[in-house]
Amino acid sequence: MFDYHIHSEFSDDSTEKMKNILEEAIKKGGEKICFTEHKEFNYPDKDIKFNLNYNEYKKEIEKIKSIYGEKIEIYMGVEIGIQAGEKNIQEIIEYTKEHKFDFILASAHCLDGIGLYGMDPKINNLDDLFSRYFNEMLDVFKKFNDYDVVGHIDLIRRYFIGAQDHKLEKSKEVLKELFTHIIKEGKGIEINTGGLFYDSASINPTLDILKLYKKMGGTIVTIGSDSHIAERTLTHYEKALEFLKDAGFEYITTFSQRKKEFHKIK
Ligand SMILES: [Zn+2]
Ligand SMILES: [Zn+2]
């Protein structure tokens, strides 16, 4: 069992101790876990900035490895918040160049400079909303390619009325463009089970989107719980595996020192 999307107290929206997460993961039979602490640039919220104390984070990872490293493989990743705009992109490029991680998950938590979390959930044109979301990621990835996997690629589903079941129409063309780019660059996507804890109660992305990625030649998929508390580490792993198999994948991907490893699904 692998969990490649975990937050601890090094993320501004979690207070969980790494130690608790490790104990939970070992109890559940985890083989590899990767912390993906939040790092945002110019996050549009006055109370929460999602800065990451890299040096302290690294120190704690080393400490925790010395305690639990014989029982489970522990990796140090980051969930980089991506936003369009020259200034944002330059900051992301510099940061990833200057900081070493095992795994870089690139996630869009904002749209047009506004946090998804704080947006009005009522929206008239959902197809336009999805198009803008996918387009913003594409704009960033055309200039920034120092990442491994795109986080929760249809996260936008989680925040707007009617978006959970929204069938992609025009926005599907934009998504295809995004997939073409991601696949050409050798990047992957993730199955994020964190949504199962929201009202939307769904995995991101939908099975349709996962199948589309596969059909277009995508092969790299990680699985992550997006947990912010220890108990959620490695949750719904079996469900995510079923999803992968249903979409026709035979392998699950993990990363170590930014290198991919493929594991045959049993
Ligand atoms: Zn995220
Ligand atoms: Zn996350």
Side-chain angles (χ1 to χ4, degrees), residues 2-16 18 21 24-25 32-45 48-54 57 61 75-84 88 92 95-96 101-111 113-119 130 133-134 136-137 140-141 144 147-160 163-164 178 182 187-200 202-206 209 221-237 240 254-255:
F2 316 122
D3 193 339
Y4 266 64
H5 195 150
I6 298 175
H7 299 275
S8 78
E9 62 180 337
F10 287 93
S11 291
D12 279 353
D13 57 353
S14 170
T15 55
E16 194 59 274
M18 277 188 185
I21 296 166
E24 180 76 14
K32 296 171 191 271
I33 63 159
C34 183
F35 289 94
T36 49
E37 308 295 357
H38 284 295
K39 169 67 188 166
E40 294 277 341
F41 303 86
N42 311 304
Y43 191 72
D45 187 311
I48 188 159
K49 287 291 167 205
F50 295 111
N51 280 321
L52 174 60
N53 188 334
Y54 181 87
Y57 177 30
I61 285 277
Y75 295 100
M76 177 178 171
V78 66
E79 181 174 19
I80 289 270
I82 55 166
Q83 288 194 67
N88 292 321
I92 297 167
Y95 186 83
T96 51
F101 293 102
D102 283 303
F103 175 59
I104 297 181
L105 185 63
S107 300
H109 298 117
C110 299
L111 177 62
I114 304 169
L116 295 178
Y117 199 67
M119 284 170 86
F130 275 79
Y133 186 64
F134 296 141
E136 178 152 351
M137 283 190 258
V140 174
F141 294 144
F144 165 66
Y147 66 98
D148 302 305
V149 162
V150 183
H152 42 57
I153 202 158
D154 64 346
L155 178 73
I156 197 129
R157 240 172 243 292
R158 218 178 269 178
Y159 298 102
F160 299 90
Q164 288 81 12
L178 177 60
I182 290 169
K187 312 299 183 190
I189 63 169
E190 72 160 352
I191 296 183
N192 182 305
T193 61
L196 293 170
F197 293 101
Y198 285 75
D199 293 341
S200 61
S202 64
I203 286 177
N204 296 93
T206 60
I209 292 181
V221 186
T222 58
I223 293 180
S225 65
D226 208 347
S227 64
H228 289 69
I229 51 169
E231 297 86 83
R232 289 190 186 170
T233 307
L234 285 160
T235 43
H236 302 296
Y237 186 76
T254 61
F255 285 81

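Read the numbers this way: they start at 1 and go in the same order the structure lists the ligands and their atoms.
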Go through the side-chain N and O atoms of Ser225 and Asp3 and say whether any donor and acceptor fall under 3.5 Å apart. yes

Looking only at side-chain N and O atoms, does Asp13 offer a donor or acceptor that is under 3.5 Å from a partner on His7? no

Between Tyr43 and Phe50 (judged by ring centroids, cut-off 6.0 Å), do the two rings come close enough to count as a pair? yes

Of the protein N/O/S atoms, how many lie under 2.8 Å from the Zn ion (ligand 1): 3

If you take the centroid of each ring, where Trp contributes its six-membered ring, are Phe10 and Phe35 closer together than 6.0 Å? no

Among Ile153, Asp154, Leu116, the one residue meeting side-chain contact (heavy atoms from CB on, under 4.5 Å) with Tyr133: Leu116

Does the Glu136 side chain pair with the main chain of Ala108, one donor and one acceptor, at a distance under 3.5 Å? no

